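Working notes, structure below.
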Amino acid sequence: MELLEVYRRSVAEFTGRVSQVRDDQWKAPTPCDDWDVRTLVNHVVYEDRWASPLFQGATIAEVGDRYEGDVLGADPAGNAREAGDDSVRELAAPGALDRTVHLSYGDTPIAEYVNQLIAEHVVHGWDLAVAIGADTRMDADVVRACAQWFAGQEQMYREAGMIAPRVESGSAPGELERLVAAFGRDPDWGQPAKS
């Protein structure tokens, strides 16, 4: 599957879950330590807001602090959808996938940055689903593409302290569960203890 399509589907997976959050769930805990549902969603929407100008070639300095703080406002689902749609549209622009993005740690091929964003949508999409009790199943092609990319990145991410240690699950996890475990999540998070 082409990278743009994987990205588009990953955004749709995440924004679809945001639309399922009930008003009484925004303060619910998530598998991300110290992050409630609103903080987690704000983090991903913030990343999507940044993606659009970075896809266009803007630098970190040029974007500045315009997305600092609460990017969800009174309509979290609508703002998540808008930010995701904007980033997909920018990535679909002619020549966008041939560009270099200017990140805080240096110039990076856009494909690498897009794969990082896909992982954000998939893993935080799972975090959100388990936090609100939604269906955790995701597009198998998107999960597979993310897992294939991350297999080559996991050691570097772990050595840099960007992810927690891999979690070994006693259940028989599928590809998504293996992926979130590789990112340091417990695939059984929030599930009742098995007797």
Side-chain angles (χ1 to χ4, degrees), residues 2-19 21 26-128 131 142 145-146 149-150 153 156-164 183-184:
E2 291 185 0
L3 185 60
L4 174 60
E5 181 62 12
V6 176
Y7 181 68
R8 185 192 66 73
R9 290 189 193 182
S10 76
V11 169
E13 288 275 6
F14 185 79
T15 58
R17 280 175 178 73
V18 175
S19 69
V21 180
W26 289 106
K27 293 290 183 191
T30 72
C32 298
D33 292 342
D34 302 322
W35 280 10
D36 61 15
V37 166
R38 187 173 180 97
T39 305
L40 181 140
V41 172
N42 194 75
H43 166 77
V44 177
V45 175
Y46 172 84
E47 294 288 337
D48 287 343
R49 290 284 184 209
W50 268 92
S52 292
L54 293 179
F55 288 165
Q56 294 171 23
T59 65
I60 298 289
E62 289 169 340
V63 177
D65 62 0
R66 72 177 91 159
Y67 302 121
E68 293 303 316
D70 178 21
V71 294
L72 299 181
D75 183 12
N79 284 313
R81 194 170 40 257
E82 178 185 298
D85 289 350
D86 287 349
S87 69
V88 169
R89 186 172 37 259
E90 291 302 333
L91 189 60
L97 286 167
D98 298 323
R99 295 182 184 144
T100 296
V101 290
H102 311 290
L103 303 178
S104 59
Y105 54 84
D107 288 356
T108 304
I110 201 167
E112 175 60 25
Y113 180 50
V114 171
N115 276 303
Q116 293 170 15
L117 293 172
I118 291 166
E120 286 276 321
H121 291 107
V122 171
V123 175
H124 287 318
W126 179 88
D127 292 335
L128 179 57
V142 171
C146 185
W149 166 79
F150 190 62
Q153 305 297 321
M156 181 272 295
Y157 270 58
R158 188 150 291 111
E159 288 173 357
M162 297 167 67
I163 57 174
F183 270 90

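Since the structure is predicted, the reported quantities are computational estimates derived from the model, not experimental observations.
- For E2, the CD atom is loosely surrounded, since the number of other residues' heavy atoms within 6.0 Å does not exceed 12.
- Minimum heavy-atom separation, C146 to A119: SG-CA, 3.6 Å.
- Taking CZ of R89 as the start and CG of D85 as the end, the distance is 6.5 Å to the nearest 0.5 Å.
- Under the salt bridge (Lys or Arg N to Asp or Glu O under 4.0 Å) criterion, D127 pairs with R185, not counting sequence neighbours.
- Not counting sequence neighbours, the partners of E82 by the salt bridge (Lys or Arg N to Asp or Glu O under 4.0 Å) test are R49.
- V122 has its side chain out of reach of F183: every pair of non-hydrogen atoms, C-beta onward, lies at least 4.5 Å apart.
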Exercise for the section: Before giving the answer on side chain to side chain contact (heavy atoms under 4.5 Å, CB included), spell out for I110 and L91 the whole-Å C-alpha distance, their side-chain angles and the decisive distance to 0.1 Å. Expected result: CA-CA 9 Å; I110 201 167; L91 189 60; 4.0 Å; yes
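- Although no hydrogens or angles enter the test, the distance criterion places a donor-acceptor pair under 3.5 Å between the side chain of S52 and the main chain of S87.
- Between the side chain of N42 and the backbone N or O of G69 there is at least one donor-acceptor pair closer than 3.5 Å.
- Between Y67 and P53, some side-chain heavy-atom pair lies under the 4.5 Å cut-off.
- Surrounding CG of D34 are at most 12 heavy atoms belonging to other residues, nucleotides or ligands under 6.0 Å away.
- Checked by atom type and distance alone, the side chain of T108 pairs as donor or acceptor with a backbone atom of G106 at under 3.5 Å.
- Considering OG of S10 and NE2 of H124, their distance stands at 12.5 Å, rounded to 0.5 Å.
- Atom CZ in F14 sits 14.5 Å away from atom CD1 in I118 (nearest 0.5 Å).
- Atoms CZ and CG, on R81 and D86 in that order, are 12.0 Å from each other to the nearest 0.5 Å.
- Inspection of the Q116 and W149 side chains reveals no N or O donor paired with an N or O acceptor under 3.5 Å.
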Practice task
Show your working on side chain to side chain contact (heavy atoms under 4.5 Å, CB included) between L3 and N115 and close with a plain yes or no.
Solution key: CA-CA 8 Å; L3 185 60; N115 276 303; 3.8 Å; yes
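- Between R9 and E13, none of the side-chain N atoms (NZ, or NE/NH1/NH2) sits under 4.0 Å from a carboxylate O, so this pair counts as no salt bridge.
- Contact between W50 and Y113 at its shortest, heavy atoms only, is C-OH, 4.3 Å.
- Each of L72, N79, T30 was scored for a side chain to side chain contact (heavy atoms under 4.5 Å, CB included) with V41, with one residue passing: L72.
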Review item, side-chain donor-acceptor pairs of residues 96-103, under 3.5 Å, at least two apart:
residue	atom	partner	partner atom	Å
R99	NH1	F55	O	2.8
H102	ND1	D107	OD1	2.7

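- Of the N and O atoms on the side chains of E47 and H121, not one donor lies less than 3.5 Å from an acceptor on the other residue.
- In this structure, V71 and D48 have side chains that are not in contact, with every pair of non-hydrogen atoms separated by 4.5 Å or more.
- Side chain of R66 to main chain of V63: a donor-acceptor pair is present (N/O by atom type, distance under 3.5 Å, no hydrogens or angles).
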Practice task
Verify side chain to side chain contact (heavy atoms under 4.5 Å, CB included) between D70 and R38, making sure each step is shown before the conclusion.
Solution key: CA-CA 9 Å; D70 178 21; R38 187 173 180 97; 3.0 Å; yes
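- Listed here is the closest heavy atom pair of A131 and A28: O-CB, 4.2 Å.
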Practice task
Could you go through the side chain to side chain contact (heavy atoms under 4.5 Å, CB included) check for V11 and Y7 one step at a time?
Solution key: CA-CA 6 Å; V11 169; Y7 181 68; 3.7 Å; yes
